[in-house]
Amino acid sequence: MFDRSIKIAPSILSADFANFGQEIQAIEAQGADWVHIDVMDGHFVPNLTFGPMAVKAFRPHVKTVMDVHLMISPVDQYIDAYADAGADVLTAHIEAGPHIHRTLQAIKGAGMKAGVALNPGTPAEAVAHLLDLTDLICVMTVNPGFGGQKYIDMTDKVRALRAMIGDRDIHIEIDGGMDANTAPLMAEAGADVLVAGSAVFRGGSVQKPEVYGENIRAIRAAAEGAL
Ligand code: DX5
Ligand code: ZN
């Protein structure tokens, strides 16, 4: 069953990079709905994180949904590696190459849910001819590459996407600068998956996981309060 309720997806970009397994277990125990994994290549974005071997090592720790956000170019040659790594959702940027339609077909063909991400400068209309191939549209509310950046308002874009999607089973995910102040704006506009890195991990640790829980509940309560 398609679930349009609010889902909080902590980004492990803000976790302890020496301790991903325990960090993933901690955020799930504290109420995370999905786990968001930011893959960066130092080319499409000016930062580097990890690749398919690391993502495969995360897999046994993820009991919810492993949501892999590729900030890489090109994409297509790595799709099978992320399928093998166990990604549930694989999201590629529309700006990452000339053939996003083919990329989404290949992601679905490899047995994953297909996501398409839009940088702040890319209009909603860019996905108009992709809806039948798309399970998730990720609206970036920062320029991708780093955690902890200032939220860029994309309320109009989210509203336009919500109208365009109609009754199709497509998630709208928001990525960047989500906290208890910004999440309600996006929930009200029609988003259902809220990625949050710094606002979830701030103040907590695997020794103090209850802070992750407080942070997740604060974002969720604010978002649900806007509906
Ligand atoms: C940005 C990443 C985000 C990032 C969000 O390039 O795609 O997922 O981790 O971090 P915050 O929530 O700190 O803006
Ligand atoms: Zn992301």
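In each ligand, atom 1 is the first atom listed, and ligand 1 is the first ligand listed.
- With the Zn ion (ligand 2) as the vertex, atom NE2 of His36 and atom ND1 of His69 span an angle of 100° (nearest 10 degrees).
- In this model, a donor atom of one side chain and an acceptor atom of the other lie less than 3.5 Å apart for Ser11 and Asp38.
- Note that NZ of Lys56 is 12.5 Å distant from OH of Tyr82, once rounded to the nearest 0.5 Å.
- Below 4.0 Å from some heavy atom of Asp38 lie the following atoms of ligand 1, by number and element: 2 (C), 3 (C), 4 (C), 7 (O), 8 (O), 9 (O).
- For the 3.5 Å distance criterion, the side chains of Asp76 and His99 fail to qualify, holding no donor opposite an acceptor.
- Against a heavy-atom cut-off of under 4.0 Å, Met71 is close to the following atoms of ligand 1: 6 (O), 7 (O).
- The shortest N or O to N or O distance between Ala196 and ligand 1 is not under 3.5 Å.
- The single protein non-hydrogen atom nearest to atom 14 (O) of ligand 1 is Gly177 N, 2.8 Å, given as residue, atom name and distance.
- Inclusion of Met178 in the set of residues having an N or O under 3.5 Å from an N or O of ligand 1 is not warranted.
- Contact atoms of ligand 1 toward His36: 8 (O) (distance under 4.0 Å to a heavy atom of the residue).
- Just one of Arg162, His171, Arg4 meets the side-chain hydrogen bond (donor to acceptor under 3.5 Å, both in side chains) condition when paired with Asp192; it is His171.
- The atom of Asp38 nearest to the Zn ion (ligand 2) is OD1, with the search restricted to N, O or S atoms.
- Restricting Asp175 to its N/O/S atoms, the shortest distance to the Zn ion (ligand 2) is reached by OD2.
- The aromatic rings of Phe50 and Phe17 lie tilted to each other, with the angle between the two planes from 30° to 60°.
- Using modelled atom types and a 3.5 Å distance limit, the side chains of Thr122 and Asn119 yield no donor-acceptor pair.
- At a cut-off of 2.8 Å, Cys138 does not coordinate the Zn ion (ligand 2) through any N, O or S atom.
- Annotation for ligand 1: atoms under 4.0 Å from non-hydrogen atoms of Val195 are 8 (O).
- When atom types are taken as modelled, the side chain of Asp175 and the backbone of Met140 share no donor-acceptor pair closer than 3.5 angstrom.
- Atoms of ligand 1 lying under 4.0 Å from at least one heavy atom of His69, given by number and element, are 7 (O).
- Regarding atom 12 (O) of ligand 1, its nearest protein heavy-atom neighbour is Gly197 N, 2.7 Å.
- Across the listed options Ala199, Ala15, Gly145, Gly147, Gly147 owns the non-hydrogen atom lying nearest to atom 10 (O) of ligand 1.
- A distance below 6.0 Å separates the ring centres of His93 and His69.
- Each of the following atoms of ligand 1 lies closer than 4.0 Å to a heavy atom of Ser11: 8 (O), 9 (O).
- Of the possible polar contacts, none joining the Asp88 side chain to the Val65 backbone as a donor-acceptor pair under 3.5 Å is found.
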Q.
The test is side-chain contact (heavy atoms from CB on, under 4.5 Å); show your working for Thr91 and Val68 and say whether it passes.
A. CA-CA 6 Å; Thr91 297; Val68 179; over 6 Å; no
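- Regarding atom 13 (O) of ligand 1, its nearest protein heavy-atom neighbour is Ser198 OG, 2.6 Å.
- Of the protein's heavy atoms, Asp175 OD1, 2.8 Å lies nearest to atom 3 (C) of ligand 1.
- Counting atoms of ligand 1 from 1 in the listed order, those under 4.0 Å from a heavy atom of Gly176 are 14 (O).
- Rounded to the nearest 0.5 Å, atoms CD1 (Ile79) and NZ (Lys108) are 12.5 Å apart.
- A heavy-atom distance below 4.5 Å is not found between the side chains of Val116 and Thr103.
- Here is the list of ligand 1 atoms found below 4.0 Å of a heavy atom in Pro144: 6 (O).
- Looking from atom 1 (C) of ligand 1 to the surrounding protein, the closest heavy atom is Phe146 O, 3.6 Å.
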